[in-house]
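Working notes, beginning with the structure itself.
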Amino acid sequence: MSDLKRALGEAVEAAFAAIGAPPELGRVTPSDRPDLADFQSNGALAAAKRLGKNPREIATAVAERLAGDPRLSAIEIAGPGFINLKVADATLSDRANAIAADPRLGAETVATARRVIVDYGGPNVAKPMHVGHLRASIIGESIKRIYRFRGDEVVGDAHFGDWGYQMGLLIGAVMDENFAVRAVVERLNAGVHGEDLGAFDTVDLADLDRLYPQAAARGKADTDYRDRARKITAALQVKQAGYYVLWERFRAVTKVALERDFHALGVDFDLWKGESDVEHLIAPMVAELDAKGLLVDDQGARIIRVVQDGDKRELPPLLVVSSEGSAMYGTTDLATILDRQRAFGPDLVIYCVDQRQADHFEIVFRAAIQAGYAAPGQLEHIGFGTMNGTDGKPFKTREGGVLKLNDMIELTREKARERLREAGLGEDLPPAEFEEIAGKVAVAALKFADLQNFRGTSYVFDLDRFTSFEGKTGPYLLYQAVRVKSLLRRAAEEGAQAGPVNVSEPAERDLVLTLDAFDAALTEAYDKKAPNALAEHAYRLSQAFSRFYAACPIMTAAPAVRASRLTLATAALRQLERALDLLGIATPERM
RNA sequence: GCGCCCGUAGCUCAACCGGAUAGAGCACCCGCCUUCUAAGCGGGUGGUUGCAGGUUCGAGUCCUGCCGGGCGCGCCA
């Protein structure tokens, strides 16, 4: 089932072809002038240049070909040669009925399904998630859902950062502070068996969170300290028992906290693979890269050069093995590509990671292609901008610290409770449901504030603004959905039946045209990996519904009109809930 | 220094292969609750799209230069 934009586009393209103009110029778009038309085609202007004719003549010839089309109530030529199309009410009614009857609410699926991996979230061992993880989680989750809804086979992978120099730093720091742990690690390293591991249980996430920044800072300033951390890292990577068992403890305590945070955000991963899961692939991979002649010794390290003809500057090489013998960030990324190739065979891997890592991914992807682990175009980095504070600098709390994701969610949830109480909403609800609603409102506020912006640009995180819940916000969208649900409950109680749509009022026309635009928004979000296109649609749909709700009484209307409007309201609700779900936002039943 | 991204209303952001009068929200002003949830709806104020050129019938969008900002540039991830 095609949307009106595409259906009319085919008709206009055929008209262009019939008068000898390139058919692709007949593309139809929603009108920029809703006061004049529903759809427009600008193709006559471009065709005029190619054919050497007057644009208005071409537009007139096209309009004459379209004149008999029963779907159009008006065809007008305006300005230098715009073709303005107005759709007949009966056609809008038919389209509304089709959308209402469609389980997919008017959205198409891709012609050929692909196997896709979305790599997002990027949590790390020992570091509680902070506001910087918000975007990676929110955008990645939405892209995963959009791809899946369009029909691709999609796997979301958290790609747990659990392997590397940071682990060596942290192991060293914990051992320096906790002598009981140190003693156990040293005995295990020495090959002692049957050791009591009770000392490890005292290490918790708060310790790791506290020690990591200190250790990272000291590693930068103190050469000896850094060398020791590197040696520990190398020993961990060959699974020396003491380090390895302590590391397992780090991983376990971190994952519990991460799962709590992701759950609160409505983010689910299909896979929780870590960098450590590909550790066993690294040695054979390095040997193979060597055999292929890709590895070069340089300054004591082993690297792959990735420079290409046409580069505007010299890209650094991929560092495969450090001078200490450690696998690096890029090494595990390369091994992960190999692992995914073997285990899943993806047509596309989407890396939803901060834009600042663009160079890193370019280097890794080039190395993977050189090694034959990936084809050009198969790996794609979808970067996003940073989230800044109101001062334009990376977000910090008033105290100057990093705001933890969990704390931010709780702050927003508290604001949601306040606003619900102020508005007198949900006061007669059981406490558990009230809490559930506050949680959904908070998540909607955070996610929509992020997703309404194009992912590539940085944006300002303003807690006051995000929690205002008025205007173009997540809670506004939930509010519209809840109003429809309330209305439909009432209709059910009164035995009011939905029936065929018969469009007449301007607000009804506008609502149907907005419903019709769902597939275009979804397709754009999919093609550009840009959920903001879908977020914009969800907002426009809410607005169109709200105007319809204000202008067109439903329950007090005559039976046939009421039936038509109930169908429209139901379709709007279902499409809105679907769009919100694709953004990762859940809707409460009431609020 | 080299490279990438960005600069749109007082603020935060949109803008569909270049198209008509550059759109939303916030803030500000005016109106609308005895009728389906006012976290709502309607109306209004607010713009030389950083600057200067160029291409084009037509430029926020493409090209060049400049100004301003952010980020990245091998042994962290």
Side-chain angles (χ1 to χ4, degrees), chain A residues 5 24 27 29-33 35-36 40 42 45-46 48-49 55 78-82 84 122 124 127 161 163-166 169 216 219-220 226 229-230 275 298-301 303 311-319 321-324 326 328-330 332-333 354-360 363 383 385-386 388 390 392-393 419-420 422-425 441 449 452-454 456-460 462 465 468-473 475-476 478-480 482-488 490-491 520-521 523-524 528 532-533 536 539-540 543 546-547 549-551 553-557 569 590-591:
Chain A
K5 174 181 157 175
E24 67 273 12
R27 196 170 62 104
T29 57
S31 178
D32 292 331
R33 295 288 304 272
D35 52 322
L36 300 179
Q40 65 185 23
N42 306 331
L45 296 154
K49 188 187 286 186
F82 298 105
N84 282 337
N124 288 306
K127 291 187 269 189
W163 206 242
Y165 171 66
Q166 53 174 348
L169 271 174
K220 279 182 191 165
R226 179 172 64 220
R230 283 192 193 148
E275 294 170 333
D298 192 86
Q299 298 170 37
I303 63 171
D311 284 354
K312 288 184 178 175
R313 73 197 147 119
E314 191 173 346
L315 216 52
L318 180 73
L319 230 162
V321 184
S322 79
S323 47
E324 288 294 336
S326 298
M328 305 299 293
Y329 179 34
T332 47
D333 279 351
D354 194 314
Q355 186 62 41
R356 287 176 292 193
Q357 296 193 45
D359 284 354
H360 167 74
I363 292 163
T386 49
N388 297 328
T390 44
K393 293 175 181 167
R419 293 288 290 120
L420 284 165
E422 278 168 25
L425 295 171
V441 168
Q452 67 171 305
N453 301 325
F454 177 67
T457 53
S458 297
Y459 74 107
V460 171
D462 181 343
R465 191 163 55 82
S468 75
F469 301 159
E470 277 165 19
K472 195 172 184 178
T473 64
Y476 168 87
L478 296 190
Y479 180 74
Q480 298 308 335
V482 164
R483 284 211 298 194
V484 193
K485 289 187 183 190
S486 169
L487 173 72
L488 295 179
R490 182 168 167 158
T523 306
E524 187 188 349
K528 290 161 71 173
N532 67 306
E536 185 65 26
Y539 180 65
R540 285 193 190 152
Q543 276 188 315
S546 199
R547 281 192 293 266
Y549 183 86
I554 297 172
M555 296 311 292
T556 55
R590 65 191 97 227
M591 61 188 265

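In what follows, chains are A, B, ... by sequence order, proteins preceding strands, each numbered from 1. Since the model is a prediction, treat every value here as computed from it, not as a measurement.
- In this structure, of rG40(B), rC13(B), rC36(B), it is rC36(B) that holds the atom nearest to the side chain of Ile554(A).
- Met555(A) comes within 4.0 angstrom of a base, heavy atoms only.
- With rG74(B), rU37(B), rG72(B) as the choices, the nucleotide that has an atom nearest any side-chain atom of Ile303(A) turns out to be rG74(B).
- Residues Thr29(A) and Arg483(A) each lie close to RNA chain B; by heavy-atom proximity, the contact nearer the 5' end of the strand is made by Thr29(A).
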Review item, nucleotides 2-6 of chain B N/O atoms under 3.5 Å of protein N/O:
| from | atom 1 | to | atom 2 | distance (Å) |
| --- | --- | --- | --- | --- |
| rG3(B) | O2' | Arg313(A) | NE | 2.9 |
| rC4(B) | OP1 | Lys312(A) | NZ | 3.3 |

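- Ring orientation note: the planes of His360(A) and Tyr329(A) are close to parallel, at an angle under 30° on the 30°/60° scale.
- Within 4.0 Å (heavy atoms only), Tyr476(A) reaches sugar-phosphate atoms of the nucleic acid but no base atom.
- Side-chain N/O atoms of Asp298(A) and base N/O atoms of rG74(B) include a donor-acceptor pair closer than 3.5 Å.
- Among rA77(B), rU37(B), rA39(B), the nucleotide with an atom closest to any side-chain atom of Val441(A) is rA39(B).
- Nucleotides rG50(B) and rA59(B), compared at atom P, are 15 Å apart to the nearest Å.
- The P atoms of rG18(B) and rG1(B) are separated by 34 Å, rounded to the nearest whole Å.
- Here Tyr476(A) and Tyr539(A) bring their ring centres to under 6.0 angstrom of each other.
- In this structure, Ser546(A) reaches the rC41(B) phosphate: one of its side-chain N or O atoms is under 4.0 Å from OP1 or OP2.
- Taking the C1' atoms as reference points, rG42(B) lies 40 Å from rC51(B), given to the whole Å.
- Regarding the sugar-base torsion, rC11(B) falls in the anti class, its angle being beyond 90° of 0.
- Spacing of P atoms, rU8(B) relative to rU61(B), comes out at 14 Å, to the nearest Å.
- Comparing atom distances between the Asp32(A) side chain and each of rC36(B), rC16(B), rG72(B) picks out rC16(B) as nearest.
- For the residue pair Ser546(A)/Arg483(A), the side-chain donor-acceptor check at 3.5 Å is satisfied.
- On a pure distance criterion of 3.5 Å, no polar donor-acceptor pair joins the side chain of Asp333(A) and the base of rA77(B).
- Counting atom types as modelled, Gln40(A) pairs a side-chain N or O with a base atom of rA20(B) as donor and acceptor under 3.5 Å.
- With rG19(B), rA38(B), rA27(B) as the candidates, the nucleotide lying closest to the side chain of Tyr549(A) is rA38(B).
- Ranking rU37(B), rG25(B), rC75(B) by closeness to the Tyr539(A) side chain, first place goes to rG25(B).
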Given pairs defined as Watson-Crick or G-U wobble with both distances under 3.5 Å, what dot-bracket annotation applies to RNA chain B, with ( ) intrastrand, [ ] crossing, | other strand and . unpaired? (((((((..((((.....[...)))).(((((.......))))).....(((((..]....))))))))))))....
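- The base of rG74(B) is paired with the side chain of Gln299(A) by a donor and an acceptor separated by under 3.5 Å.
- Ranking rA14(B), rA20(B), rG19(B) by closeness to the Ala46(A) side chain, first place goes to rG19(B).
- Side-chain N/O atoms of Ser323(A) and base N/O atoms of rC75(B) include a donor-acceptor pair closer than 3.5 Å.
- Nearest nucleotide to the side chain of Arg230(A), out of rA14(B), rC75(B), rA77(B): rC75(B).
- Comparing rG68(B) with rG25(B), their C1' atoms sit 27 Å apart, to the nearest whole Å.
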